[in-house]
Amino acid sequence: MTKKLNLVLLAVCGALFSPLTVAQQGVVPGPIVVQGAMPVEAERFAQRLDNPREEQIGGWRFWRGTVDGYPVVVSETLKGMSNAAAATAIAATEFRPVAIINQGTAGGHDPALKVYDIVLGKYSVSLGAFKTPKKALGEGSDSRQWQPMDLLASKGSAGEDKNPHTIRQFPADAKLLAIAESVKGSYAQGKVVEGVIGSADVWNSELDRIRDFREKYHTSVEEMETASAAQIAAAFNIPFVGIRVLSNNITNQGKYDPQTGLACQDYVYQVVKAYIAENASR
């Protein structure tokens, strides 16, 4: 087969399976995946799916269904960075999603944010990858002296890497972020702002450490999943955004309220509907 004929066939196949022609031909697109770590962060959204079907893959629950006729999968990732990464990899390979939205509750780092405020993650960062300075026995420990490690920077030893120690940022997909912004007017329980989501398998309650994170990495909130899910989504080249509601904020005495998880799901439901409305019309 000639090179010219190969190029013609590639062009034809590209036209046949472009997003526009796929929609016109009625081919089912990949789903939107909505992630939540705990039942209080996932089950409310799953209950709003049309024709939901629950399935178990390993230790993780998924619900398949539709919203406005468009396929949506709700994923209960379980808590923590490893669980979130595994659940995201499963979703990427099993469902081949067109977008992933990681959402749920978070603790505040920004004193200007109150419980029920929502942060749209313009990017997320890992707050669990650091190298400590050398200290002798008896010299103590000070986390504010720790340097971040970018574990994706090289194939060599992360701790001995000679590159500058910088924190890895996982940016949100611009289109998803814009759609999330577009429905701010539908939310009446707090304000909706863009910010930075910090993630780690650590629950920080030291105000000096929280302030250090905010000053160095501009974190708005902290939780235990978003950056990990964002990293795996990026590896699969899947558009991603993190959306987090403040369930508490010790920087301004904002007390914990578990009902915030329901409010965040309601907001994300509007984001999903807006995504579908914009993409189904194309």
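What's counted below: heavy atoms across the whole structure, side chains too, no hydrogens, waters or symmetry copies.
Ring geometry for Tyr217 against Phe130 counts as tilted: the plane angle lies between 30° and 60°, on a 0 to 90° scale.
Of the inter-residue distances, the one linking Leu113 atom CG with Asn252 atom CG reads 8.0 Å to the nearest 0.5 angstrom. Atom CZ in Arg244 sits 7.0 Å away from atom CD in Gln103 (nearest 0.5 Å). Between Ser75 atom OG and Ile100 atom CD1 the span is 8.5 Å, to the nearest 0.5 Å. A distance of 8.0 Å separates OG of Ser126 from CD of Gln231, quoted to the nearest 0.5 Å.
Nearest heavy-atom pair across Gly261 and Val245 is N-CG1, 4.4 Å. Here the closest non-hydrogen pair linking Gly121 and Ile197 is CA-CD1, 3.8 Å. Here the closest non-hydrogen pair linking Gly36 and Ala42 is O-CB, 4.0 Å.
Contact of the Thr132 side chain with the Ser141 side chain is not registered, since no non-hydrogen atoms from C-beta on lie closer than 4.5 Å. Side-chain contact between Tyr116 and Ser247 is absent, with no heavy-atom pair separated by less than 4.5 Å. Residues Phe240 and Thr88 fail the side-chain proximity criterion, which asks for heavy atoms closer than 4.5 Å. Side-chain contact between Phe62 and Ile90 is present, with at least one heavy-atom pair separated by less than 4.5 Å. With contacts defined as side-chain heavy-atom distances shorter than 4.5 Å, the pair Val67/Leu49 qualifies. Under the 4.5 Å side-chain criterion, counting only non-hydrogen atoms from C-beta, Tyr187 is not in contact with Asp266. The shortest distance between side-chain heavy atoms of Val119 and Glu223 does not fall below 4.5 Å. Side-chain contact between Leu120 and Tyr267: present, with at least one pair of heavy atoms (C-beta onward) separated by less than 4.5 Å.
Ile243 and Val193 fall into different hydrophobic clusters, where Ile, Leu, Val, Met, Phe, Trp and Tyr residues are linked whenever their side-chain heavy atoms come under 4.5 Å apart, directly or through other members. Hydrophobic clustering (side-chain heavy atoms under 4.5 Å, transitive across Ile, Leu, Val, Met, Phe, Trp, Tyr) keeps Phe95 apart from Ile32. Taken together through direct or relayed side-chain contacts under 4.5 Å among Ile, Leu, Val, Met, Phe, Trp and Tyr, Val268 and Val115 form part of one hydrophobic cluster.
Pairs of residues two or more places apart, or lying in two chains, that qualify as salt bridge (Lys or Arg N to Asp or Glu O under 4.0 Å) and include a residue from residues 105-128 are Asp110-Arg214.
For Phe170, there are no ring pair (Phe, Tyr, Trp, His ring centres under 6.0 Å) partners at least two apart in sequence or on another chain. Checked against salt bridge (charged side-chain N to carboxylate O under 4.0 Å, His left out), Arg96 has no partners two or more places apart in sequence or in another chain.
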Inset, instruction - For salt bridge (charged side-chain N to carboxylate O under 4.0 Å, His left out), just list the numbers for Lys175 and Asp173, CA-CA rounded to whole Å, side-chain angles, deciding distance to a tenth of an Å, and then say yes or no. - result: CA-CA 6 Å; Lys175 291 182 179 178; Asp173 176 77; over 6 Å; no
Legend entry - Step-by-step side-chain contact (heavy atoms from CB on, under 4.5 Å) determination, Lys216 to Ile167: CA-CA 10 Å; Lys216 289 180 178 177; Ile167 200 159; over 6 Å; no
Inset, instruction - Go through Met38 and Thr105 one step at a time and tell me if the side-chain contact (heavy atoms from CB on, under 4.5 Å) criterion holds. - result: CA-CA 10 Å; Met38 301 181 291; Thr105 58; 4.3 Å; yes
Inset, instruction - Go through Asp208 and Arg211 one step at a time and tell me if the salt bridge (charged side-chain N to carboxylate O under 4.0 Å, His left out) criterion holds. - result: CA-CA 5 Å; Asp208 284 339; Arg211 183 173 61 182; 3.5 Å; yes
Legend entry - side-chain contact (heavy atoms from CB on, under 4.5 Å) between Arg61 and Val74, intermediate numbers included: CA-CA 8 Å; Arg61 284 198 299 172; Val74 176; over 6 Å; no
Inset, instruction - Determine, step by step, whether Trp63 and Gln47 satisfy the side-chain contact (heavy atoms from CB on, under 4.5 Å) criterion, reporting the C-alpha distance in whole Å, the side-chain angles of both residues, the deciding distance to 0.1 Å, and the verdict. - result: CA-CA 9 Å; Trp63 294 265; Gln47 292 165 1; over 6 Å; no
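In this structure, the side chain of Asp68 does not engage the main chain of Tyr70 through any donor-acceptor pair within 3.5 Å. The backbone N or O of Leu152 sits less than 3.5 Å from a side-chain atom of Asp150, completing a donor-acceptor pair. Within the 3.5 Å criterion, the main-chain N or O of Arg44 finds a donor-acceptor partner in the side chain of Gln265.
Between Leu127 and the choices His109, Met224, Arg209, the side-chain contact (heavy atoms from CB on, under 4.5 Å) rule is met once, by His109. Tested against Asn102, the residues Glu41, Gln35, Glu225 include a single side-chain hydrogen bond (donor to acceptor under 3.5 Å, both in side chains) partner, Gln35.
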